[in-house]
Amino acid sequence: MQTGAMAVPADDRPHAPILTFLGGTGTVTGSRFLVDTPDARVLVDCGMYQGPKELRLRNWEPFPVDPATIDAIVLTHAHVDHCGFVPALTVRGFTGPVYASDNTADLAGIVLPDSGHLQEEEARYANLKGYSKHHPARALYTEADARAALRQLRRMDHGGEVTTVAPGIGVSFRHGGHILGSSIVTMEIDAPGGPRRVTFSGDLGRPNHPLLNPPQPLDGADIVLCESTYGDRVHDDSQALERFADAVRRTAARGGVVVIPAFAVDRTEILLVHLRQLRAGGAIPDIPIFVDSPMALAALDVYQRAITDRDPEIRPEVIEEPDVFGRNEITEVHEVEGSMKLDALRSPAIIISASGMATGGRVLHHLDRYLPDRKASVILVGFQAANTRGRLLADGARQVKLLGRYVRVRAEVVDLPSFSVHADRSELLAWLGADDIPPEVLYVVHGEPGSSASLCQAVIDELDWNAVVPAYGERVRLD
Ligand SMILES: [Zn+2]
């Protein structure tokens, strides 16, 4: 790809390749890793900061380098904390290609416009109700900005072949097993002392994902960046499904509604697979299931297509299953009117709605309605970042602030983090340790501080590797 017009200004170029940690440090959001070489500048992941205000404010700060000087962006997967800032960079002058796997490109085509739309809606609602501290509240980018940014996507295959993305920089993608399309990205950099291999784990999946094949092996690298979302925890899977079924049964027995805030991409699919199996096995009663998220439903279509196309990411046994999501048994809610009707349910039902950490989206209205209801329950099925409503609920908050006012929490709250699609501590260590040759250095990223520190220490103690938790904004040499 000829990107000379966008090259780094000569006076700004390092003499050797440099990596700068622009996000995903001390937090699970805002993943952004900048690689600068004498000839090129490439950003791996371009995530939005979410959660605590001091992090969200970083989305509004000037980008640390002029976006127009970035030759290319490479995305590991379609979650907003990894790709959600792409339209913000294009608005600020980035015009280069954005490389992503085929399935990531399809999912980003859903996620990014939705993110822009959601921001416009939230700004409009905040201005209408007058509760925003910003006057007027505004969106980081609009749906139209996101659609324009999608035109910069370039589709890569997961076969492992190297594609040149900027002068002297090639990348290859392999399955990450975290969500559909998720990739482990290896960058091959021409350096004065010889080529250098840098591998970015992206978010790493679990060996037992019900739909996706396990992550591919690390496969040798000079430098590795590994996520650490669950770097300090081991998932207890043995009880998870049973606890989930119990919570649904209890809620149905008292005539209540189950609200499940779910990440639209992948978590909704996993929930539907489990719900179908639990219903079929009689473990939960036959109550209506509503999927109230146009984005989740669009993502469901992408998963369905991958299964039909026998995509190599999909587990062989899933390909043979005709209706793995039980779509005939669920009600798909696309329109706002249908969503509003769900707040007047008089009998047991399950509502699956985004966003997964209850930071935005339609689920806020359902929480507003059902949190004060003793009969209802809220089941949290994924990682809840610090200071999000999801985390506050998981930690037992008695009130949460929703849509500008405080709501009393009387519903039962059930926290089931082992539904996560992130590898846990032992799975991360197993993935890293399976590689015969240790990297020169492992950077432990994408975790809250305790989690990253804990994984880092385990890698030092158990694998005897050179491992470090980098700081925000830190620059390190890659040569
Ligand atoms: Zn992710």
Taking NZ, NE, NH1 and NH2 as the nitrogens, is one of them in K341 or E335 under 4.0 Å from a carboxylate oxygen of the other?
no
Quick one: do the Y49 and R58 side chains pair a donor with an acceptor below 3.5 Å?
yes
Test side-chain contact (heavy atoms from CB on, under 4.5 Å) applied to A100 - qualifying residues, sequence neighbours left out:
L75, T104, L153
Polar contact flag, side-chain donor to acceptor under 3.5 angstrom, S377-R250:
no
Could you tell me which residues satisfy ring-ring contact (aromatic ring centres under 6.0 Å, His included) with H274, sequence neighbours excluded, listed by chain and number?
F419
Just jot down the side-chain contact (heavy atoms from CB on, under 4.5 Å) partners of P294, sequence neighbours excluded, or say none.
R362
Output all residues satisfying side-chain hydrogen bond (donor to acceptor under 3.5 Å, both in side chains) with H365, sequence neighbours left out; order by chain, then residue number.
none
Who are the side-chain hydrogen bond (donor to acceptor under 3.5 Å, both in side chains) partners of E121, not counting sequence neighbours?
R124
Could you tabulate the donor-acceptor pairs under 3.5 Å formed by side-chain atoms of residues 400-410, not counting sequence neighbours?
unit_1, atom_1, unit_2, atom_2, d
R405, NH2, D368, OD2, 3.2
R408, NH1, R398, O, 3.2
R410, NH1, P372, O, 3.3

The criterion is side-chain hydrogen bond (donor to acceptor under 3.5 Å, both in side chains); which residues satisfy it with Q384, sequence neighbours excluded?
none
Taking only residues at least two apart or on different chains, which pairs with a member in residues 446-461 satisfy salt bridge (Lys or Arg N to Asp or Glu O under 4.0 Å)?
R391-E448
Using the test ring-ring contact (aromatic ring centres under 6.0 Å, His included), find all partners of Y370 that sit at least two apart in sequence or belong to another chain.
none
H366: what forms a ring-ring contact (aromatic ring centres under 6.0 Å, His included) with it, not counting sequence neighbours?
none
Assess R32 against F85: is NZ or CZ under 6.0 Å from the centre of the six-membered ring, and within 45 degrees of the ring's axis?
yes
Pair D246 + R243, salt bridge at N-O below 4.0 Å:
no
Taking only residues two or more places apart in sequence or in another chain, which ones pass ring-ring contact (aromatic ring centres under 6.0 Å, His included) with H178?
H77, H79, H422
Return each pair, listed once, that meets side-chain hydrogen bond (donor to acceptor under 3.5 Å, both in side chains) where at least one residue sits in residues 349-358; pairs must be two or more places apart or across chains.
S355-T359
